[in-house]
Amino acid sequence: MSNIKEIQSTCAYCGAGCQIRFSVDTAQNKILEAAPAKGRTNEGTLCLKGWYGWDYLNDPQILTKRLKKPMIRKRGKGSPLEEVEWAEAISYVADRFTEIKNTYGPDSIMGTGSARGAGNEANYIMQKFMRACIGTNNVDHCARI
Ligand code: SF4
């Protein structure tokens, strides 16, 4: 008897709600592959994230270990990341933004909202920050891919 089961679900990556069909190895509790299902919003198609962006479900540490503290490359590009306190990280980012903005202008900076995890309020604050503090309309969202 096969342990492979087809399970239809909703893609969890962005908010479009595409229907997705997972092949799941129930013995190992592992997703093997994904394919589009005929949903109202996706009509039998998926974007790349739907096709391939679900591997974190099998292993949440697959890309990187979860960050627990902010990190800075203090000795420049290529140097190792070092853990720092939030106050130092925020001050570092503020200084770099100011430096870049003063040298290249506000339109040299862009903010991208995240469909995953940040939430509507955080994305709203981010776009407000880009417009009001940085002074650019360069604001977009990862779903545009
Ligand atoms: S657009 Fe892509 S990421 Fe968003 S729900 Fe559909 S397949 Fe998933």
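Ligands are counted one by one from 1 in listed order, and the atoms in each one are counted from 1 as well.
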Are V24 and K30 packed together at the side-chain level, in the sense that at least one heavy-atom pair is separated by less than 4.5 angstrom?
no
For residues T136 and D107, is any side-chain donor paired with an opposing acceptor at under 3.5 Å?
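Yes - a donor-acceptor pair under 3.5 Å links their side chains.
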Over all atoms of both residues, closest heavy-atom pair of N3 and A27
ND2-CB, 3.4 Å
Closer than 2.8 Å to atom 2 (Fe) of ligand 1, which protein N, O or S atoms?
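Counting only protein N, O or S atoms under 2.8 Å from atom 2 (Fe) of ligand 1, the list reads C47 SG.
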Shared-cluster residues of I4, by chain and number - hydrophobic side chains joined below 4.5 Å
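Its cluster mates, by chain and number, are L32.
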State the atoms of ligand 1, each with its element, that fall below the 4.0 Å cut-off from a heavy-atom position in G17.
5 (S)
Partners meeting side chain to side chain donor-acceptor pair (under 3.5 Å) with K38 (sequence neighbours left out)
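Here no residue qualifies.
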Going by the side chain to side chain donor-acceptor pair (under 3.5 Å) test, which pairs reach into residues 76-88, not counting sequence neighbours?
K69-E85, K74-E88, R75-E82
